Amino acid sequence: MPEMIEVEAYRALAERAALDRPIATVEAPDAWYLKGGLTAEALSALIGSHFSSAHRRGKLLTLETAAPDGSAGPVLGLRFGMSGRLLVDGTPGVAELRYASNEPLERYDRFGVTFSDGGHLRVRDPRRLGGVQLDPSEGALGHDAAGITLGQLTGALAGSRAPLKARLMDQARVAGVGNLIADEVLWRASLSPERPAGSLTPTEVRRLHRHLRAALLEMTARGGSHTGDLMEQRRAGGVCPRDGEPLRRTTVGGRTTWFCPRHQR
DNA sequence: CCGGATGTTCACCT
DNA sequence: GAGGTGAACATCCG
């Protein structure tokens, strides 16, 4: 899925194109996609109101709603799983998504609203791993990776014996870092994904912090989570772009992990 | 045909 | 309690 870089693109799309348009109908053809006990009936409360702002925390997109008189309504929370896309008036938030069909198939539209002007906002998700919630609790999410401070990152890693990569991807600690971004950032920071998170020295955490922010900015500018320098070598026979060492493939935190055993320590 | 793929959650172990 | 593993979700791709 989209990692936080793609979700940020979805947020920007929603902010640019979906605000202040009265909601005429809510389309929830897939009950499975409604999370937290949400029902199509409860969603009808959105009819007549409009989206007033769009925010993102980690990989969670939240759309605030407001009634015609301006009073605040419920918050619509959207998660995109690994293959979910946001479309407004048929325009996707990102052009390409890997590991998902890029065919414009309406049959994969799991949720949407139509606006009174005839347009619509939809979540298209072939694999159906995303979901919709009303008033999602953000309490379970850690600091957003894009704005995390050195002190916050230090706190997120301190005292943990879990592998560094697993901790980085723990959304309750650092929100927004997924599998590809984690591998890219650790490769740039020359840190092994298998190191116990709490074993990093202050110098190493500083290095990680600097590379996390730089990698996010750079990959955002390039157009997505799949644009990292390590990406094309994440395959059998891949070698480290920095020193030519064959990359090692392991599983960390339940996810396929590629790293350079030579310079990532 | 089989195995994996930008994710999350849950049951079940150690 | 902290972590790890495997399964589940559904589809596409090599």
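Letters A, B, ... are given to chains in the order of the sequence lines, protein chains preceding strands, and every chain is numbered from 1. None of the values given here were measured: they were computed from a predicted structure.
One interatomic measurement links the two molecules: NZ of A/Lys35 to C1' of B/dG7, which rounds to 11 Å at whole-angstrom precision. Rounded to an integer number of Å, the gap from A/Leu129 CG to B/dC10 P is 15 Å. Distance CZ (A/Arg161) to P (C/dA2): 9 Å, rounded to an integer number of Å. Put simply, CZ on A/Arg127 is 11 Å from P on C/dA10, counting in whole angstrom units. For the pair A/Met231 CE and B/dA5 C1', the interatomic distance rounds to 9 Å; values are reported in whole Å. With rounding to whole Å, A/Arg107 atom CZ is found 8 Å from C/dT11 atom C1'. Between A/Asp170 atom CG and B/dG7 atom C1' there is a gap of 13 Å when expressed in whole angstrom units. The separation between A/Trp32 atom CH2 and B/dT9 atom P is 11 Å, rounded to whole Å.
Distance from the side chain of A/Pro163 is smallest for C/dG3 among the nucleotides B/dG7, B/dT8, C/dG3. In the set B/dT8, C/dG4, B/dA5, the nucleotide with an atom closest to the side chain of A/Thr256 is B/dA5.
Comparing the P positions of C/dG1 and B/dT8 gives a spacing of 23 Å, expressed to the nearest Å.
Cation-pi contact between A/Arg248 and A/Trp258: absent, since separation from the ring centre below 6.0 Å together with deviation from the ring axis within 45° is not met.
Just one of A/Leu186, A/Thr250, A/Leu191 meets the side-chain contact (heavy atoms from CB on, under 4.5 Å) condition when paired with A/Phe259; it is A/Thr250.
Within a 6.0 Å radius of CZ in A/Arg222, more than 12 heavy atoms belonging to other residues, nucleotides or ligands are found.
Residue whose closest nucleotide on DNA chain C sits further toward the 5' end, between A/Thr251 and A/Arg110: A/Thr251.
Taking only side-chain nitrogens and oxygens, A/Arg167 comes nearer than 4.0 Å to OP1 or OP2 of C/dG3. For A/Tyr108 and C/dC12, the shortest distance from a side-chain N or O to OP1 or OP2 is below 4.0 Å. Within the structure, every side-chain polar atom (N or O) of A/Ser160 is placed at least 4.0 Å from both OP1 and OP2 of C/dA2.
Each of A/Leu60 and A/Val177 belongs to its own hydrophobic cluster when Ile, Leu, Val, Met, Phe, Trp and Tyr are linked at side-chain heavy-atom distances under 4.5 angstrom.
The partner of C/dA2 is B/dT14, by the rule that a Watson-Crick or G-U pair needs both atom distances under 3.5 Å.
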Discussion item. As a quick check of understanding, evaluate side chain to side chain contact (heavy atoms under 4.5 Å, CB included) for A/Arg195 and A/Lys165, giving each step before the final call.
Written reply: CA-CA 8 Å; A/Arg195 277 273 295 278; A/Lys165 180 179 173 182; over 6 Å; no
